[in-house]
Amino acid sequence: MIHGPENYGIERPLLEWVAAVAKTTKPDGIAWCDGSDEEFQSLIKLMTADGTLIKLNQEKYPNCYLHRSNPNDVARTEEATFICTKNREDVGPTNNWMSSDEGEAKLLKLLDGCMIGRTMYVIPYLLGPVGSPYSQVGIELTDSCYVAANMEIMTKVGKVALEHIKDGEFMKGIHSTGQLDPNKRYICHFPDKKLIMSLNSNYGGNALLSKKCHSLRIASVMARDQGWLAEHMLIIGIEDPDGTVTYVTGAFPSTSGKTNLAMLKPPEYMKDWKVWAVSDDIAWMHLDSEGRFRAINPESGFFAVSPNTNIRTNPRIMETVMKNTIFTNVALAMDGTPWWEGMGDHPRKLWDWQGRVWTAGKGSAAHPNSRFTTSTNQYPFLSREYTNPNGVPITAIIFGGRRSDLVPLVYESFSWEHGVLMGAMLKVETTAAAGGEVGVLRYDPMAMKPFCGYHIADYFRHWLSFRSKSENLPKIFQINAFRMGRDGRFLWPGYGHNLVVLKWIVDRCRGRAEAVETPIGYVPTPESLNLNEMNLPGNTIEELLHVNNAAWMDELESSWRFFKTLGEQFPNILWQELSKLTERLRNPS
Ligand code: OXD
Ligand code: MN
């Protein structure tokens, strides 16, 4: 229930900060959120009354709602995202920089009176399992009911968060919808002050401050300083027929099939295998006393892309989103059900994501970056270890992305350092998750380019530093399910069949799968992959596993140019790894 702070026994500094922000933003009232169902329903009621939400067909989609964004506010805005520090050099060439004094002054000016006529919601949130030494607390202050409701799905809100505050420390987040003016849109991070200020956007990645802002941009800086990793990675447990579960994390740039992989349904021919999800987007990984990475999911919900999600690509999530879900910018069918491209046949009559009558041929009905927010707790294949305060032990790390050519279906690095190079060289086609052109190949090291809160070359150093800290580091792999044949068709059927690839990774980690040594790493022999039931035509598997040395040389040339742009800090070890790789390609044994 929404109420005042008196029910909490809250520390003075928190009360003082909330009062100070309220003095600047001047809301009509302040509401402290407790994360209860009753409170969630009262937020929903307010939003259905003022048109922020449209109630979906409650028989088919109980407790599900549709939100339509302002058309200028449908994706992350990287050009409006800043890391604010003392020195420009802190953030490197892949981030926008503002001095922290200038940033704070600028934003405070914009915040002045921005909540007049609105309620300011105080949202204490916990990231990570209850009782975990790795969990963190933040407080988001927002004047958006939509943001408050989504935060209640994506994090653990209320008393539980306040109870986890240690030494009075918490992340401070201030968010205001403002007038959704794109010219005054700022998503500013102040790692030194543990402060985030976000204005004039209500889009998830810009406004749910727990997600990219706290869990990745600021957490990555904390991770560097404290010796752990905050990563844009899924976490899954792969259970083999004898009941052994192998946990892996995977970094995939936005819209590269990460959620689908996290929720993989084994194909019929591997039905004695199981895949359990721990996370579909973010992993925090700490070394334990035996030098093994233990990973937790800081989030409590999924905020995933709708288009192309269907009964074949992700049957498990299709079932999950049929209740207690907020859909954003999907299309609406006459019967009050949500619809998006790639869901299946389109209904006869639809309203598009902006509420206009849609007919075939009119472009997409749902926005390409339309999303759903739904709680992890209602996902039927959530790992039992999801709530383990110590996290899950990680055996392998996977890098992946969309590459129509070059990168084989799967291969393994020769060493940790080589694996870090693999991640640093990650290049993918841009998607609709961020504003800007779609389909352009760009570097996205470790899928963290938009989310690393400090100099990316130092980030590589940080990764490399684990070599001397542990003998038990995960093996590193790269996968690519998007390779195309000469006819422009995907060579690999993907989705559930990706378990064949995951099985090979598990088997390699357990020393029971064959590979051939190529210049780029260990590539599976066709026989070591469980292809028997797949009926791949002709020499498809050879094409999928092919390493084209000349094309790789071109790739290295381009990586070399990219790394040069990262400046002096770029680690020598990675230059050496790049040279070794070049040498192997030049003189294959
Ligand atoms: C996301 C993204 O929303 O990566 O998860 O953009
Ligand atoms: Mn993401």
Side-chain angles (χ1 to χ4, degrees), residues 67 69 73-81 94 127 146-147 150-151 153-155 187 189 198 201-220 229-236 249-263 277-284 295 297-309 314 317 321 325-330 340 366-374 376 398-402 423 426 428-440 442-453:
H67 172 71
S69 306
D73 187 33
V74 291
R76 282 185 289 103
T77 35
E78 292 179 7
E79 67 286 359
T81 302
T94 55
L127 295 180
Y146 168 76
V147 166
N150 277 286
M151 284 294 287
I153 296 175
M154 295 303 293
T155 66
I187 298 96
H189 306 70
S198 166
S201 169
N202 266 359
Y203 173 73
N206 294 335
L208 310 180
L209 302 185
S210 60
K211 198 171 176 63
K212 305 300 186 183
C213 303
H214 179 165
S215 293
L216 289 175
R217 294 197 192 95
I218 299 220
S220 63
L229 289 170
E231 297 299 321
H232 190 204
M233 288 182 176
L234 59 74
I235 313 169
I236 48 176
T249 57
F252 297 77
S254 313
T255 333
S256 291
K258 188 147 59 91
T259 299
N260 292 345
L261 192 65
M263 298 177 182
V278 181
S279 173
D280 80 323
D281 197 38
I282 298 175
W284 285 353
N297 177 1
E299 302 192 281
S300 304
F302 305 119
F303 171 67
V305 179
S306 303
N308 294 324
T309 305
N314 195 338
I317 199 68
V321 299
T325 298
I326 298 179
F327 294 89
T328 298
N329 294 339
V330 298
W340 49 81
H367 188 275
N369 192 36
S370 53
R371 301 266 176 159
F372 51 77
T373 330
T374 200
T376 43
I398 304 170
F399 294 117
R402 248 166 217 282
L426 203 63
V428 287
E429 288 153 25
T430 50
T431 67
E437 220 178 327
V438 171
V440 179
R442 76 164 191 186
Y443 279 97
D444 192 354
M446 277 86 169
M448 278 289 278
K449 183 173 171 283
F451 308 121
C452 178

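Order of appearance sets the numbers: ligands from 1, and atoms from 1 within every ligand.
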If you count the atoms of ligand 1 from 1 in the order shown, which ones are under 4.0 Å from a heavy atom of [X]?
X      : answer
Asp281 : 5 (O)
His232 : 4 (O)
Lys212 : 1 (C), 2 (C), 3 (O), 4 (O), 5 (O)

- Message: With a cutoff of 4.0 Å, is Lys258 in contact with ligand 1, counting heavy atoms of the residue only?
- Response: no
- Thr373 side chain vs Phe303 backbone, donor-acceptor pair below 3.5 Å: no
- Message: Treating Asp73 as the side-chain partner and Ser201 as the backbone partner, does any N or O pair qualify as donor plus acceptor under 3.5 Å?
- Response: no
- Which residues satisfy the ring pair (Phe, Tyr, Trp, His ring centres under 6.0 Å) test with Phe451, sequence neighbours excluded? His232
- Approximate separation, where rounding is to 0.5 Å, of Cys213 SG and Asn206 CG: 7.0 Å
- Partner of Thr328 under side-chain contact (heavy atoms from CB on, under 4.5 Å), picked from Ser69, Ser306, Ser370, is Ser69
- Out of Arg371, Glu299, Lys211, Arg76, whose heavy atom is nearest to atom 3 (O) of ligand 1? Arg371
- Taking the Mn ion (ligand 2) as the centre, how many protein N/O/S atoms fall inside a distance shorter than 2.8 Å? 3
- Note on the structure: Between Arg76 and Gly205 the two heavy atoms that sit nearest each other are CG-CA, 3.9 Å
